[in-house]
Amino acid sequence: MTSSTSRADRPTWVVLGRTDVGQVAAALLDADGAELSQLTMAASGFAVWVRGLEAEHAPRWVWNDAPAWYADLLAAGVRIARCHDLRLCHAILRASALVTDAAAIRAAPAWDAAPHVAAEESVPALFEWEGDAVAQRLGPPAGFEEAVAEFARQRAAISSSTDPGRLRLLTAAESAGALIAEEMRAAGLPWDAATHDRILTEMLGERPAAGGPPSKLASAADRVRAALGDPAAGLDSQPKLLRALHRAGVMVESTSRWELAEQRHPVIEPLLEYKKLSRLQSANGWTWLAEWVQDGRFRPVYVPGGVVTGRWASSGGGALQLPRQLRDAVRADAGWRLIVADVAQLEPRVLAAMAGDTALADAARGRDLYAGIVDSGAVATRQEAKIAILGAMYGATTGESGRLVPRLRRIYPRAMALVDDAARVGEDGGLVSTWLGRTSPGPSEGWSNVQSRATEADASGAEETRARRWARDRGRFTRNFVVQGTAAEWALAWMADLRTRLAAMPPVEPADAAALSGPAFARHPHLAFFLHDEVIVHAPEAHAEAAAQAVQDAAATAARLLFGDFPIDFPLDVRIARSARKD
DNA sequence: TCCCGTGGCGCG
DNA sequence: AAAGCGCGCCACGGGA
């Protein structure tokens with residue numbers, strides 16, 4: 001390791017990148033972004049160096065892409081407190097309406113990279129890199145000079161924006177999410193394959209050794225074919241199934257569950273059963289179990305910022321679609337517990353706070369926001385309140401939901417004005433932003449063409465109708481964007497604070513952790529799963545109560561961080577249990 | 001043979 | 001029941 005200048009004095013930021021010769025370079029910056037020192041080192045010594053600096057200063061590590069760097073650091077036993085993910089923050093800043101001069105950011109399109117994809121096995125690990133393999137491993141610009149330049153652009157964009165505080169919070173939260181996603185992947189979700197197998201066997205029947213469908217699935221198929229009077233009916237092909245139904249006199253337009261359920265015919269019951277079992281088999285059956293659960297852990301690939309609203313997406317394993325039926329297979333290790341926590345009605349609470357709607361915030365006080373709405377007299381029943389609120393946030397215009405929404409408009413004018421305004425802006429082709437400044441994408445070229453065409457004198461009625469429909473579609477998107485996106489920001493702030501609290505708790509002794517195969521940080525209570533408004537923490541039994549309290553405390557912190565003193569509750573349902581089963 | 005659009009359904 | 005938003009994955013089938 002060589003240092004090009006004098007020893008650093010407590011760097012706030014450490015910008016990382018590789019150099020042409022395949023080494024890691026680091027620029028140590030003070031809080032103002034002024035360079036304190038710069039150094040390069042052999043990749044083989046990188047993890048140890050990070051560990052040392054982290055213990056001294058816990059700087060914010062600035063890198064092009066968290067998965068590319070952090071997965072290998074975790075594998076080397078090094079956990080960090082904070083980072084700045086240039087790729088994720090670039091995506092936010094290039095589009096944010098709060099950024100008044102985005103020209104420099106937008107002039108660096110190399111940073112508009114797709115989310116990192118897990119490296120192929122054949123690509124050397126970060127610390128074994130040589131030559132071009134590094135580029136494959138690191139994805140978007142991995143070079144040191146590019147990282148330094150992009151970080152300077154991002155700092156300038158934030159500090160000259162109309163609200164640097166919000167963008168600092170948003171970029172910090174987004175970057176914390178990137179760390180959490182990698183840590184959750186490394187730790188994995190504790191998964192009991194034997195329980196999963198038992199559930200599959202109970203529902204699908206015994207699995208034939210020779211392959212072929214399990215017994216209960218096969219018997220459901222037989223009953224369907226018998227009821228259709230068609231021993232050869234194809235059940236897995238929608239067109240074939242539809243034709244077979246028509247031949248049997250079931251005149252449906254689709255084979256979807258809800259339409260089938262309206263029919264009265266002997267085929268309906270076994271067909272719905274077959275579809276349910278078939279879905280379980282193909283989505284989360286034995287093949288899924290063998291592919292995705294190893295050593296008692298399900299390791300999904302989370303994609304932070306993968307949804308335009310800022311929600312996370314996932315890639316592989318269907319991590320965000322785990323069916324409730326299988327939650328009993330999520331099992332704490334021996335001597336450990338799961339803390340399963342979700343926020344009750346996160347989105348309407350976020351809406352109340354964003355809009356400063358004290359009437360809706362009053363209704364939200366306490367456990368059940370929908371009960372509060374009933375108490376306000378807006379609607380008669382809890383079910384109506386739920387339908388009305390969902391309709392308000394999603395833009396329902398028809399049916400019961402569309403009928404109930406106007407009642408909310410009278411009782412909660414500020415909250416409704418916020419979503420109605422967002423919809424109007426979207427219909428006009430404009431941009432909307434979340435509370436912290438994540439801005440929606442603009443309309444597509446095709447959308448704009450359709451709109452301008454419809455305004456021309458010789459536009460046909462069909463063209464005008466289509467333009468109106470597309471405008472309404474976009475209005476529903478922007479209406480929901482502000483709420484869904486701000487809820488995602490709240491959830492990121494919640495998790496980021498929770499992560500810090502959990503990491504500060506004592507780890508189990510290595511002797512007690514002999515059976516644990518995971519990374520070192522997973523000897524502490526740690527996040528194991530996240531799904532929009534729910535987290536699962538895996539914690540040693542002795543720390544389970546403290547971890548549950550940390551989940552609560554973090555929610556209070558998130559509320560204060562985003563909404564200051566505005567009086568809005570975010571009540572949690574928190575359970576400490578051995579399994580994640582919901583009753 | 002592979003790619004892509006569609007229907008359907010799991011999650012929030 | 002869906003409706004009204006955001007996703008990912010599977011199976012199928014048609015086209016390249």
Side-chain angles (χ1 to χ4, degrees), chain A residues 115 234-243 252-263 271-272 274-285 287-288 291-292 300-327 342-348 350-351 383-384 386-405 408 419-420 422-423 426 432 434 438 440-441 469 472-488 490-491 529-535 580 582:
Chain A
L235 307 185
D236 297 323
S237 159
Q238 194 264 0
K240 286 179 186 168
L241 176 58
L242 196 59
R243 283 196 295 271
V252 286
E253 288 182 17
S254 75
T255 62
S256 67
R257 196 180 50 198
W258 69 267
E259 191 179 356
L260 289 171
E262 289 176 337
Q263 306 296 316
L271 179 54
L272 294 180
Y274 175 82
K275 287 167 82 83
K276 185 177 77 175
L277 299 184
S278 171
R279 162 84 193 186
L280 176 62
Q281 151 103 327
S282 65
N284 295 100
T287 306
W288 181 93
E291 183 177 354
W292 288 100
V301 179
Y302 296 98
V303 185
V307 180
V308 284
T309 58
R311 272 189 174 182
W312 288 14
S314 70
S315 167
L320 276 49
Q321 308 146 247
L322 289 178
R324 295 173 71 96
Q325 304 162 307
L326 286 181
R327 291 182 66 109
D342 62 63
V343 194
Q345 306 114 16
L346 174 57
E347 292 190 355
V350 158
L351 171 59
Q383 183 61 19
E384 282 189 341
K386 185 173 183 177
I387 288 170
I389 282 287
L390 291 177
M393 294 189 305
Y394 293 164
T397 54
T398 64
E400 189 182 6
S401 187
R403 185 171 57 76
L404 290 169
V405 169
L408 296 184
V419 285
D420 288 345
V432 297
T434 61
R438 192 188 305 263
S440 68
R469 192 175 69 244
R472 299 257 160 78
D473 288 348
R474 186 158 193 279
R476 287 194 303 276
F477 165 67
T478 51
R479 168 190 292 271
N480 187 247
F481 181 95
V482 295
V483 179
Q484 186 184 116
T486 302
W490 187 94
F529 189 68
F530 168 55
L531 183 54
H532 308 319
D533 62 359
E534 172 185 11
V535 297
K582 286 192 174 178

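In what follows, chains carry the letters A, B, and so on, assigned in the order in which the sequence lines appear, proteins first and then strands, with residues in each chain numbered from 1.
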[X] has an atom [atom1]; how far is it from atom [atom2] of [N], in whole Å?
X: A/L280; N: B/dG10; atom1: CG; atom2: P; result: 10 Å
X: A/Y394; N: C/dG4; atom1: OH; atom2: C1'; result: 8 Å
X: A/L235; N: B/dG8; atom1: CG; atom2: C1'; result: 15 Å

- request: Ignoring backbone atoms, test whether A/R472 places a side-chain nitrogen or oxygen under 4.0 Å from the OP1 or OP2 oxygen of C/dG4.
  value: no

task: Considering just the side-chain nitrogens and oxygens of A/R476, establish if one lies under 4.0 Å of OP1 or OP2 belonging to C/dC5.
output: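 Result: yes.
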
Between N or O atoms, less than 3.5 Å apart, protein on one side and nucleotides 1-3 of chain B on the other: list the pairs.
none

query: Mind checking the C1' distance from B/dG8 to C/dA1? Whole angstroms is fine.
result: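 Taking atom C1' in both B/dG8 and C/dA1, they lie 16 Å apart.
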
What is the nucleic acid contact for [X], judged by heavy atoms within less than 4.0 Å: base, sugar-phosphate only, or nothing?
X: A/L346; value: nothing
X: A/R257; value: sugar-phosphate
X: A/T255; value: sugar-phosphate

task: Spell out protein contact along nucleotides 7-16 of chain C as letters: B when the base is contacted, S when just the sugar-phosphate is, - when no protein heavy atom is under 4.0 Å; keep the 5' to 3' order.
output: SBSSSSS---

task: Would you kindly compare A/M393 and A/W258 by the position of their nearest DNA chain C nucleotide and give the one closer to the 5′ end?
output: A/W258

query: If you take atom types as modelled and just measure distance, does the side chain of A/R324 reach the base of B/dG10 with a donor-acceptor pair under 3.5 Å?
result: no

message: Identify the stems formed by DNA chain C, where each pair is Watson-Crick or G-U wobble with both distances under 3.5 angstrom and a stem is at least 3 consecutive pairs.
response: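 Looking at DNA chain C, the stems formed by three or more consecutive pairs are B:1-12 with C:5-16.
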
